[in-house]
Amino acid sequence: MTDGPTDTPARPMERPLERPVERYDFAAAEPRWQAAWEQGALFAAPDVPDGTKPKYYVLEMFPYPSGKIHMGHVRNYTLGDVVARYKRARGHAVMHPMGWDAFGLPAENAARERGTHPAAWTYANIAAMRAELKSMGLSLDWSREFATCDPEYYGKQQALFLDFLQAGLVERRKSWVNWDPVDGTVLANEQVIDGKGWRSGAPVEKRELSQWFLAITKFAPDLLAALDTLDRWPERVRTMQANWIGRSEGARVRFPLAAPVDGVTEAEVFTTRPDTLFGMSFLAVAAEHPLAAAAAARDPAAAAFVAECRSQGTSEAAIEQAEKKGFDTGFRVAHPFLEGATFPVWIANFVLMEYGTGALFGCPAHDQRDLDFARKYGLPVPPVVLPPGEDPASFAIGRTPWTGDGTLYNSAFLDGLDTAAAKRAAIDALEARGLGQGVVNWRLRDWGVSRQRYWGCPIPVIHCEACGTVPVPKDQLPVLLPEDVDFSVPGNPLDHHPSWKHVACPSCGAPARRETDTCDTFVDSSWYFARFCAPRAEAPITPEAADAWLPVDQYIGGIEHAILHLLYARFFTRALSTMGQVRTPEPFAGLFTQGMVQHASYKAPDNRWLAPDEVEVAADGSAVEKGTGIPLTVSRNDKMSKSKRNTVDPGAIISRYGADTARWFILADNPPDRDMEWSESGVAGAHRFVQRLWRLAATLDQKGAATPGGRAGDGDARPLMQATHRTIAAVTAALEGFAFNVAVARLHEFANAIEGSNAPLEARREAVSVMARLVAPMMPHLAEELLSILRPGTTDLVAGMPWPEADPALLAAETMTIAVQVLGKLRATLSLPVGTPEDAVLAAAEAEENVQRAIAGKPIRKRIHVPGRIVNFVV
RNA sequence: GCGGGUGUGGCGGAACGGUAGACGCGACGGACUCAAAAUCCGUUUCCGGCAACGGAGUGUCGGUUCGAGCCCGACCACCCGCACCA
């Protein structure tokens, strides 16, 4: 024995505690109750509910198996579990499943860095996180668990991909894509945040590649219109989606080229202002536009300009600073209405190839950006819309364009029309001449799902010289990922694999090449909620099960998925619905977006970040480093992050305080849609309440406040019964409204009421039994413990008990408190029996000394009486 | 620029148009302890007052109302989303 002291130093005399203070042993109790629930299979749901109870599908966004759960997970799954347990108690058939969003880049990075296989890394993480989630005591149906990287899951996804292909909802085409140079893969538009890759943070480049696209744009009108039906979604998520889908009405206009260039005979633009066509000054195309390419082929200066545009940053800062730059190609286009007039074609760095047609007509008099451009290059600025009240002879455009409505002039057949009428007339004229038509343009782009990665769902397609792209026959699914892969070289390991991609063409048998792109992982999470309904079935989705359970009644997750995941899942469900695989067009009837869990962060003068346990926090909130006493800069409400070292490990919290304490604090602190601050003192406070409730039950027969002159526990039961039933009503209302912090407050009050009550033992026992059922959704283990104290030897579980019903007879009070105001100012409060007639209430109010003083002898002009609430005298 | 949201004690936050600050955290005072921990009791929006009580008070200014944190109008601050979108 060399480690540790071999003897203990002499200690001062210790006196044994006369009466050891008993405390709730959550560390023993929590696993015991988790085992009891599991044994009773209390949370298992059938694939197809028998219809005797209304169904309720509660789902939290499934986690990425990064290795450990974090506080955001604890909050997310606690919120979902409260809903699940509450709805179960209210008599619903509840489905509450859990799985793993398990494909993705971190597994490959781990493989590169440490040589572990992505599958091994992922499944080890899942095992660790499953154990952590189980320690939280969540009422999950674990029998439905799957990971998206299971061949049983991604094989079904491949079958769905083939269905999409057959339905014409998948296309392969060459296009300009967002390329993330760090992750070495393509990104969808939604995954480019502020010009940078959503995961890597690297500035995104433009590349032209052949890609697989899902036709989300076919559903753009439906996806937009149906937002109005999602009345249980947060307003801001709906607006964000509406903005993202981005509908705008206008026209497509074709401008014939004065002389065809490389076979190109016209340039088509999209405009929302066809009324201003007579104010045209130039035509501008994107650097990626065919006309720009034609110019570049002819003129090295044009080629240089195109190259410059392509390297231009797309970040907000870069755009802000970037000048409006252009290059005159020398090409000219004819005007659709002005006979003989032609306009120059410019390449401009502000024209986006991805929006509209990649070309626009410039009308500087009525558009700020066009005006800046025209002023810079000395192009004409002809006004065509006269603002209300302006004189056509004197109206001129200075530094700001007129972008509002007005009366058309200088515009031939549009003269005298207002903006709205002119738009219609211009579109009619374009359509009559075959030079354009009214269209609705969408900002939403098709969803490019090809990713040049290993750890994803292989796209089940084979490329054959003779037959083109051939779908893998369904009876050959799943297309399994090869296990022997080499991560030592950059790029897509599937591409490097010596044999995997070489296959025979399923159609002609000739040697062919397997598609080596894998699916964007957002595909995996676009239908998992449907798979949960029948997770082991042969078909990807089982209509009887999916139609019985979908839509998800309550979906809960972070606001960061407001666009990406939620839009993709809506699209998938709509597509599946048109293919007859599910009935519902919308996946999530109710959506709740939770706030982030934050924590104070501590920074030393030498820029070191300190973890919370390295810090001494004073009462005034200031902090110093433990040991050294170096003063620290404290920043409240910082997002938890490893770099700032302000993360709190849920595992440590649960082993120190128990799962119930963590759950209770996270619910109690603030409304769940707001960001919350994790604080050590707050957790400790929550734990005090856990212990207090336990003590309340454990010492029930010893307690009971004595009334003056009476004995403990010999008082009237009715006040406590009333408090009990008022609490039932209040907590029920709070839980229904996601006001969990209010529910917590009401339960605190209830605990105060029980402790202060001198009701007989039986009444207090009944109150604690109601308490057990009311706290159960939030602190399920403690609830079971309370019941077992009240009813020793019982095998009943609170988790299987119905929600208590408030008795209306006990909600009614015998006395009411009336506030008495004079001129709207509170002067007295009256306590009167319920049912006191109005004249008696008014008389009592007027008789109050303070009221008399405030009235000061003036005549009362008006007496307002709101029964049971208030009296207001107007003098 | 466009769209959405939020402003209440030292802090998190309560409040069908009807007693603003429930409940908790923190702080302060006290009890129990040799001492501590744990627990219990009390105080805690600000100003004046020993008190009863009075005055002020929910970002600012105005309006509606017997009565406004809540409804309406204008503004200010902060947060979030989108954006050379034609």
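Just so it is clear, the model here is predicted, and its values are computed rather than measured. Residue numbers start from 1 in every chain, and the chains themselves are labelled A, B, ... in the order their sequence lines are given, proteins ahead of strands.
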Closest to side chain of [X], choosing from [options]:
X: A/Thr272; options: B/G3, B/U19, B/A86; value: B/A86
X: A/Asn752; options: B/C23, B/C85, B/G18; value: B/C23
X: A/Phe270; options: B/C66, B/A86, B/U19; value: B/A86
X: A/Asn850; options: B/A22, B/C53, B/C84; value: B/C53
X: A/Trp244; options: B/C82, B/G81, B/A86; value: B/C82
X: A/Arg695; options: B/U39, B/C66, B/C85; value: B/U39

Under 4.0 Å between any heavy atoms, over every strand shown, what does A/Arg827 touch: base, sugar-phosphate, or nothing? Just pick one.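 A/Arg827: backbone/sugar contact only, no base atoms under 4.0 Å.
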Does OP1 or OP2 of [N] have a side-chain N or O of [X] closer than 4.0 Å?
X: A/Arg443; N: B/A83; result: yes
X: A/Arg869; N: B/C16; result: no
X: A/Lys324; N: B/C84; result: no
X: A/Lys825; N: B/A56; result: yes

Rounding to an integer number of Å, can you tell me how far [X] [atom1] sits from [N] [atom2]?
X: A/Met240; N: B/A83; atom1: CE; atom2: P; value: 11 Å
X: A/Leu823; N: B/U65; atom1: CG; atom2: P; value: 15 Å
X: A/Leu352; N: B/A83; atom1: CG; atom2: C1'; value: 10 Å
X: A/Leu564; N: B/C82; atom1: CG; atom2: C1'; value: 13 Å
X: A/Leu444; N: B/G81; atom1: CG; atom2: P; value: 19 Å
X: A/Arg853; N: B/G55; atom1: CZ; atom2: P; value: 10 Å
X: A/Lys862; N: B/G18; atom1: NZ; atom2: C1'; value: 15 Å
X: A/Arg692; N: B/C23; atom1: CZ; atom2: P; value: 11 Å

So which of A/Trp664, A/Phe665, A/Phe750 actually passes ring pair (Phe, Tyr, Trp, His ring centres under 6.0 Å) with A/Phe689? A/Trp664
Does any N or O donor sit under 3.5 Å from an N or O acceptor when you compare the side chain of A/Arg688 with the base of B/A38? no
Between the base of B/C82 and the side chain of A/Asn243, is one N or O donor paired with an acceptor at under 3.5 angstrom? no
Fit a plane to each ring of [X] and [Y], take the angle between them on a 0 to 90° scale, and name the class: parallel (under 30°), tilted (30 to 60°) or perpendicular (over 60°).
X: A/Phe26; Y: A/His687; answer: perpendicular
X: A/Trp447; Y: A/Tyr568; answer: parallel
X: A/Phe373; Y: A/Phe350; answer: perpendicular
X: A/His599; Y: A/Tyr602; answer: perpendicular

Output the distance between atom CZ (A/Phe873) and atom CD (A/Gln821), rounded to the nearest 0.5 Å.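 Reported to 0.5 Å precision, the distance equals 11.0 Å.
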How does protein contact run along nucleotides 4-13 of chain B, one letter per nucleotide 5' to 3', with B for base contact, S for sugar-phosphate only, - for none, heavy atoms under 4.0 Å? S------SSS
Electrostatic pair A/Arg853:A/Glu848 at N-O distance under 4.0 angstrom: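 No, this pair does not count.
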So does A/Glu249 pair up with A/Lys423, basic N to acidic O under 4.0 Å? no
Tell me the stems RNA chain B sits in, counting at least three consecutive Watson-Crick or G-U wobble pairs, each under 3.5 Å on both distances. B:1-7 with B:76-82, B:10-12 with B:23-25, B:26-31 with B:39-44, B:45-48 with B:53-56, B:59-63 with B:71-75
Does A/Arg369, at its CZ atom, have more than 12 non-hydrogen atoms belonging to other residues, nucleotides or ligands within less than 6.0 Å? yes
I'd like to check the side-chain contact (heavy atoms from CB on, under 4.5 Å) partners of A/Thr593; sequence neighbours left out, ordered by chain and number.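 A/Thr593 satisfies side-chain contact (heavy atoms from CB on, under 4.5 Å) with A/Pro234, A/Val237, A/Ile559, A/Leu591 only.
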